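Reckoned from all heavy atoms, side chains included, excluding hydrogens, waters and symmetry mates. This structure is a prediction, so every number in the text was calculated from the model and none was measured. So that the names make sense, note that chain A is the first sequence line, chain B the second, and so on, each numbered from 1.
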There are 2 protein chains.
Amino acid sequence: MSTLGYALLGLLAREPASGYDLSRQLRAPIGFFWRARHSQIYPELARLEAEGLVTHAVVEQQELPDKKVYTITEAGQATLQGWVTDPVEPAVVRDELLLKTFSLWLAEPAAAAALFREHERHHAEQLRVYEALQQQLEAKGEEIRQPTSPFFAAYVTLQRGLIYERQYLEWCRWVAEQLERTD
Amino acid sequence: MSTLGYALLGLLAREPASGYDLSRQLRAPIGFFWRARHSQIYPELARLEAEGLVTHAVVEQQELPDKKVYTITEAGQATLQGWVTDPVEPAVVRDELLLKTFSLWLAEPAAAAALFREHERHHAEQLRVYEALQQQLEAKGEEIRQPTSPFFAAYVTLQRGLIYERQYLEWCRWVAEQLERTD
DNA sequence: TCCCTCATGTAAAAGGTTACATGATTTA
DNA sequence: TAAATCATGTAACCTTTTACATGAGGGA
């Protein structure tokens, strides 16, 4: 099973969805930690179904195209559960901005500062999105503290996103300030 | 030009190196933000040479195999310089632990806590490596504050690594604590 | 004796992105 | 009229990983 397969099972364990729904979720906000295009999702759903981990039902809609709504099976739930606590290697970071940063000494400081200000803005935007999500989740009350609640899992994951964006933003600002100091 | 090509140019702009040297550097500590295996590096070096961005000289060694030492050309330096301040999309995070975290509600809390304690240990280790590197860099003195010094670029990049590891470590500890609280 | 380091490559497979393909409805 | 959303697929291409291939020298 591919990691993408588990990503899809993880979404379907929360609620049934079409390939289209899943592709939107794998853009944002779940896209924060795993992304996939529809061209990858549709064949993967077919594979999951062939293995008996999901099933689908065609739902006819008026004035909109028909859709295939996928549901996780018991076998799918069991497979997902087994995977969750299985050891994983820490994620490999693959960050082109950091690669550029490493060669920053070759650049014109003013042009480089602009690059970091741009990224600072991006992370500020992303942070606002996550903060809005946090407010929504906190309205759920005590559920976000219950380890067996899907809201707990979402809340804990979101905290990582918040920390990541805040720290990345601050780092960008700090680098830009260093480059703008023309003393 | 591929991103890997720029990664190699970025290393060769600092000092000439063989494919083998580059492959070690792209494991650690540069591997923090970009990784590559030797099977990817050797063909890429050939491509860079075909484009005139690097050249190589065969260095014979006693009691060790011969090696090809690559040097960046003026054209290579110019290409790299142009790329550094060129806009980039923020990195896409692809973190399997976060994917598991999102499905944490299906897991047994004790088993899940063990997973996070494991990652906490890993990030603590990584942090120690970066802190040692920081000490080495800080010994360079004022150079790490000069935007045109390669040590400045290394220092700034390292700061991001330090922040990343510290925050990831703290988040893992926080998640583990939540899961261990059996009230 | 077996594994690790040094050293350079190629080939096959898997994972991921971009482009091709179609078509209705709604919004600007 | 043009673009966006909904909806599902395939094909070509690029990137990355894993495996194959070879061989000397040093250390456990």
Hey, which of F32(A), Y168(A), F33(A) is the one that makes ring pair (Phe, Tyr, Trp, His ring centres under 6.0 Å) with Y130(A)? F32(A)
Could you list the residues that satisfy side chain to side chain donor-acceptor pair (under 3.5 Å) with T71(B), not counting sequence neighbours? none
N/O to N/O distances under 3.5 Å, protein versus nucleotides 13-16 of chain D:
from	atom 1	to	atom 2	distance (Å)
dT16(D)	OP1	R94(A)	NH1	3.1
dT16(D)	OP2	Q40(B)	NE2	2.8

By nearest-nucleotide position on DNA chain D, the 5'-leaning member of E63(B) and S39(B) is S39(B)
Inter-end axis angle, the helix from dT1(C)-dA28(D) to dA28(C)-dT1(D), with every axis fitted to five base pairs (rounded, 10 degrees): 40°
Quick one: which residue pairs count as a side-chain hydrogen bond (donor to acceptor under 3.5 Å, both in side chains) with a foot in residues 77-94 of chain B, not counting sequence neighbours? E96(A)-W83(B)
The remaining residues in the hydrophobic cluster of V92(B), counting side-chain heavy-atom contacts under 4.5 Å among Ile, Leu, Val, Met, Phe, Trp and Tyr, are none
Given side chains that start at C-beta, do those of L45(B) and L12(B) come closer than 4.5 Å, heavy atoms only? yes
Taken in chain and number order and not counting sequence neighbours, the residues that satisfy side chain to side chain donor-acceptor pair (under 3.5 Å) with T148(A) are none
Could you check if a side-chain atom of R145(A) sits within less than 4.5 angstrom of a side-chain atom of R181(B), using non-hydrogen atoms only? yes
Donor-acceptor contacts under 3.5 Å from residues 151-165 of chain B side chains, at least two apart:
from	atom 1	to	atom 2	distance (Å)
Y155(B)	OH	E138(B)	OE2	3.1
T157(B)	OG1	A153(B)	O	2.7
E165(B)	OE1	H123(B)	ND1	2.5

Need two values: the first and the last nucleotide of DNA chain C, 5' to 3', having an atom under 4.0 Å from any heavy-atom of chain B. dT5(C) to dT17(C)
Quick one: side chain to side chain donor-acceptor pair (under 3.5 Å) partners of Y70(B), sequence neighbours excluded? none
Before we go on, tell me: are the rings of W34(B) and F102(A) under 6.0 Å apart, centre to centre? no
Scan for salt bridge (Lys or Arg N to Asp or Glu O under 4.0 Å) pairs involving residues 49-71 of chain B, sequence neighbours excluded, and state none if there are none. none
According to side chain to side chain donor-acceptor pair (under 3.5 Å), who are the partners of R121(B), at least two apart in sequence or on a separate chain? none
Could you list all N or O pairs between the protein and nucleotides 2-7 of chain D that sit under 3.5 Å apart?
from	atom 1	to	atom 2	distance (Å)
dC6(D)	OP2	Y20(A)	OH	2.8
dA7(D)	OP1	Q61(A)	OE1	2.9
dA7(D)	OP1	Q61(A)	NE2	2.3

